[in-house]
Protein chains: 2
Amino acid sequence: MSDDDTPAMRLVHLLRAVTVELHLRGAEFAARSGLHPTDLRALIRLLDADRAGEVVTPGRLGEALRLNSAGTTALLDRLERLGLVRRSRDERDRRRILLVVEPKAVELGWSFFGPLIGGLVDAAQEFTPGELDVVRRYLTAALDAADPVGKGG
Amino acid sequence: MSDDDTPAMRLVHLLRAVTVELHLRGAEFAARSGLHPTDLRALIRLLDADRAGEVVTPGRLGEALRLNSAGTTALLDRLERLGLVRRSRDERDRRRILLVVEPKAVELGWSFFGPLIGGLVDAAQEFTPGELDVVRRYLTAALDAADPVGKGG
DNA sequence: ACCGATTATCTCGTTCGGCGAGAGAATAGT
DNA sequence: ACTATTCTCTCGCCGAACGAGATAATCGGT
């Protein structure tokens, strides 16, 4: 966007290149697995929640993915048909559906993220703990810059 | 994915959070501008090429976006209708169309990337040149890890 | 205990982005 | 000139996502 070739701008372009690359990887993986891009985003969200022990309902999932209720239902139909997730009535509030992640989804997630994470962890081996902390500080600052409102907003 | 709470894994999660955030920003901007996500990706590609002085044809654009020819034609119809791009016959090889980026597209690009880049550059102010170089090395390594094949094929 | 308001999910009908197949136009090789 | 190749566009279709509204369960006030 700018012809500036400052260190800061180089990082901006690098960061963008990384996001583009990860996006492409995701799209390729989704296509190979018979998933739509949205399905992969949903899978990621569900696995994150599962890992954090959060309970996810269709409403919350749709909100996270910016889908309306009709789209969310269709999405869950697809994921359920693929055996990646299961709908389970909440017995405490019987209006709600709790989404249960099936083992198959965890396996699928690992088959995608495993190699990627492995590569990134290997890459980190080349750096000292102090250097990794510098990177952490930068990425944290970049996250704030990209998300002015903040997660709490 | 892993419960490991090592510095390397923290960076993985941070990097993912940044990409997710940038992705969301893009989707919001696209919706506000009456663009589809694909249209924004196309705009980015076209502006990059414009900046680099590259010549882009529908075929090349479709290849970059992983669209087939029919989808590419529809995409260009949308962008042309919005006045962001213009089709121009290549007089040397009259089978080809050269895509010309209109000033409106450059303005639109800046209105999206400008604030984002500004925030990222500001964030970089807090770091010494040596620290920024550490980040550059890490992101370069991460890019390689995400793209094992490499840009060169 | 009842009734309206609220919340959560699903159904129906529609829109439109993207795909596959193939047509049309220009170029390159023999 | 003839054929193969390259580049773009047209046509018909599929399906993801939307808007509107139906259905079902819970909550609050009386």
- [ ] Output yes when a side-chain donor or acceptor of Lys104(A) lies under 3.5 Å from a complementary backbone atom of Val85(A), and no otherwise.
- [x] no
- [ ] Identify whether the distance between the nearest side-chain nitrogen and carboxylate oxygen of Arg95(B) and Asp93(B) falls below 4.0 Å.
- [x] yes
- [ ] Before accepting this row, confirm whether a basic side-chain N of the pair Arg60(A)/Glu54(A) lies closer than 4.0 Å to the acidic partner's carboxylate O.
- [x] no
TODO: Taking only heavy atoms on the protein side, list every residue of residues 81-92 of chain A lying under 4.0 Å from any atom of DNA chain D, sorted numerically.
DONE: none
Open item on the list: Please determine whether a side-chain nitrogen of the Lys or Arg among Glu80(A) and Arg86(A) lies less than 4.0 Å from a carboxylate oxygen of the Asp or Glu.
Closed with: no
Open item on the list: With salt bridge (Lys or Arg N to Asp or Glu O under 4.0 Å) as the criterion, how do Asp77(B) and Arg87(B) come out once you've worked through the C-alpha distance, each side chain's angles and the decisive distance to 0.1 Å?
Closed with: CA-CA 9 Å; Asp77(B) 288 347; Arg87(B) 284 167 161 111; 2.9 Å; yes
- [ ] List for me each residue that meets salt bridge (Lys or Arg N to Asp or Glu O under 4.0 Å) alongside Glu28(B), sequence neighbours excluded, and say none if there are none.
- [x] Arg66(A), Arg25(B)
Task: For the student: nearest non-hydrogen atoms of Ser33(B) and Leu108(B), plus distance - done: OG-CD1, 4.1 Å
- [ ] Give the intermediate values and the outcome of side chain to side chain contact (heavy atoms under 4.5 Å, CB included) for residues Leu75(A) and Leu65(A).
- [x] CA-CA 11 Å; Leu75(A) 164 69; Leu65(A) 301 182; 3.6 Å; yes
TODO: Under 4.0 Å from any atom of DNA chain D, heavy atoms only: list the residues of residues 58-79 of chain B that qualify, in numerical order.
DONE: Pro58(B), Gly59(B), Ser69(B), Ala70(B), Thr73(B)
Task: Leu98(B) reachable from Leu79(B) in the ILVMFWY side-chain graph, under 4.5 Å edges - done: no
Task: Closest-nucleotide ordering on DNA chain D, the 5'-leading residue of Arg95(B) and Asp93(A) - done: Arg95(B)
- [ ] Walk along DNA chain C from 5' to 3' and tell me the first and last nucleotide with an atom closer than 4.0 Å to a non-hydrogen atom of chain B.
- [x] dG17(C) to dT27(C)
TODO: Check whether Met9(A) and Trp110(B) end up in the same hydrophobic cluster, where Ile, Leu, Val, Met, Phe, Trp and Tyr are linked by side-chain heavy atoms less than 4.5 Å apart.
DONE: yes
Task: Main-chain N/O of Arg10(A) paired to Arg136(B) side chain as donor or acceptor, under 3.5 Å - done: no
Task: pair Tyr138(A)-Val134(B): side-chain heavy atoms closer than 4.5 Å - done: no
Open item on the list: With heavy atoms of chain A within less than 4.0 Å as the criterion, where does contact along DNA chain D begin and end?
Closed with: dA16(D) to dT26(D)
Task: salt bridge (Lys or Arg N to Asp or Glu O under 4.0 Å) between Glu126(B) and Arg137(A), worked out - done: CA-CA 10 Å; Glu126(B) 310 288 329; Arg137(A) 284 200 295 125; over 6 Å; no
Open item on the list: Parallel, tilted or perpendicular: which one describes the rings of Phe29(B) and Phe112(B), with boundaries at 30° and 60°?
Closed with: parallel
- [ ] Look at Arg45(A) together with Asp48(A) and state whether they make a salt bridge at an N to O cut-off of under 4.0 Å.
- [x] no
- [ ] Go through residues 28-39 of chain B and report each residue with a non-hydrogen atom lying under 4.0 Å from DNA chain D, sorted by number.
- [x] none
